[in-house]
There are 2 protein chains.
Amino acid sequence: MSNPIDPAYDQSVSAIHNRLFFRMFQVGVTLERRSTKEIGITSVQWSVLGALSRPKVVEGMLFSDLAEYLGVSRQNLDAVLKRLERDDQVKRVADTVDRRAKRVVLTPTGREFWNNIQPKIYEFYRQSMEEFRFDDKVAFVHYLNRVRDGMEKVDLSKVGSPSDL
Amino acid sequence: MSNPIDPAYDQSVSAIHNRLFFRMFQVGVTLERRSTKEIGITSVQWSVLGALSRPKVVEGMLFSDLAEYLGVSRQNLDAVLKRLERDDQVKRVADTVDRRAKRVVLTPTGREFWNNIQPKIYEFYRQSMEEFRFDDKVAFVHYLNRVRDGMEKVDLSKVGSPSDL
DNA sequence: TATTGTTATACTCTATAACTATA
DNA sequence: TATAGTTATAGAGTATAACAATA
């Protein structure tokens with residue numbers, strides 16, 4: 001994709017990359033700050049409750065599947081779940097098949113809480129996306145998927161200090 | 001934009017919104033996790049150094065301007081800067097005009113560190129964006145700007161609990 | 001009186017290593 | 001031996017309120 005005979009092209013690519021990643025950072029920070037403020041829970045908690053509230057997981061999710069789904073480590077998910085358990089939003093139950101495994105499920109309190117904040121979430125989304133047409137939303141989702149996959153695959157083990165280049 | 005006589009349309013909008021915000025969350029988490037691992041600094045530190053390394057701010061940035069530029073609170077920027085000062089990457093100097101104000105500048109160590117990690121950052125960006133054409137990158141930046149502006153403007157003060165609706 | 005930056009405090013999230021119980 | 005989950009610990013980021021110095 002790059003054009004080795006046009007240094008100006010490389011410069012404009014670098015410039016757009018800088019802007020792009022700075023904006024991704026800002027969107028992450030803003031999402032965290034605004035959702036915590038307006039909805040009342042952190043974005044990690046919100047994504048856990050959202051994952052567990054889906055119709056297809058009424059019986060809960062395996063701890064390890066949930067960690068992978070959210071993209072967080074087992075240890076950190078454990079910490080997040082401890083706080084949600086303290087607030088009686090989720091609970092862990094032993095899996096009947098694999099006795100090592102645990103299933104994470106919403107408590108009735110957690111489900112009620114989730115239902116109660118739906119109007120706020122709906123409005124948060126609606127107001128945030130007011131300037132998007134439907135097609136733009138679809139394209140945006142694809143871009144987000146693509147860059148996430150891209151970042152997961154990054155391997156810099158062959159990139160050393162500048163003197164190596 | 002919404003169509004009040006077609007509930008199926010509203011459902012598909014809700015579905016895409018759910019997907020969209022979950023993906024934004026995942027991209028934020030992934031950016032934080034992967035950049036910390038591969039580059040060696042957190043995304044907040046990286047954005048501070050990036051902001052201060054721009055040619056137009058060789059004389060540093062006002063503390064308050066930096067906080068606004070990054071979208072973080074003054075108190076939290078203070079904490080981030082304390083860690084960067086501890087590592088001798090930035091320093092705060094009194095402003096000559098307004099004696100209340102401080103300018104934040106890169107130290108020589110900080111500038112050298114920033115220059116040294118450029119190859120890694122360049123490669124991180126390049127590998128992450130491998131599947132994007134130039135035009136898609138431009139469109140993606142615009143989407144990110146738009147949703148950030150949208151989230152900043154959200155006001156849920158008129159949205160109560162479900163019983164109010 | 002308002003603004004700039006700082007301090008204090010508490011909470012949340014994250015990374016890493018070591019551990020247990022079970023497979 | 002490998003996997004699922006947990007514990008322990010340290011560090012980093014964030015929200016809120018209160019404060020001093022200067023405008």
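Computed over heavy atoms, backbone and side chain alike; hydrogens, waters and symmetry mates excluded. Within every chain, numbering begins at 1; the chains are lettered A, B, ... in the order of the sequence lines, protein sequences first and strands thereafter.
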Does [X] have a side-chain nitrogen or oxygen under 4.0 Å from the phosphate oxygens OP1 or OP2 of [N]?
X	N	answer
B/T42	D/dG13	yes
A/R83	C/dC13	yes
B/K82	C/dT7	yes
B/K102	C/dT6	yes
A/R86	C/dT12	yes
B/S64	C/dG5	yes
B/R100	D/dC19	no

Problem - Check ion pair A/R126-A/E123 (N to O, under 4.0 angstrom) - result: yes
Handout entry: Carboxylate-amine/guanidinium contact B/D78 B/R92, below 4.0 Å
Key = yes
Practice task
Would you mind classifying the nucleic acid contact of A/R99 as base, sugar-phosphate or nothing, using non-hydrogen atoms under 4.0 angstrom?
Solution key: sugar-phosphate
Nearest to the [X] side chain among [options], which nucleotide is it?
X	options	value
A/R92	D/dG5, D/dT6, C/dT6	D/dT6
B/V80	C/dC13, D/dG13, C/dA18	D/dG13
A/K37	D/dT16, C/dT6, C/dG5	D/dT16

Practice task
Step through it carefully: locate the ring centre of A/Y69, locate the ring centre of B/F22, and say whether they are under 6.0 Å apart.
Solution key: yes
Practice task
Assess whether atom CD of B/E152 is packed by more than 12 heavy atoms of other residues, nucleotides or ligands within 6.0 Å.
Solution key: yes
Problem - Given DNA chain D, 5'-ward residue of the pair A/E32 and A/R74, judged by closest heavy atom - result: A/R74
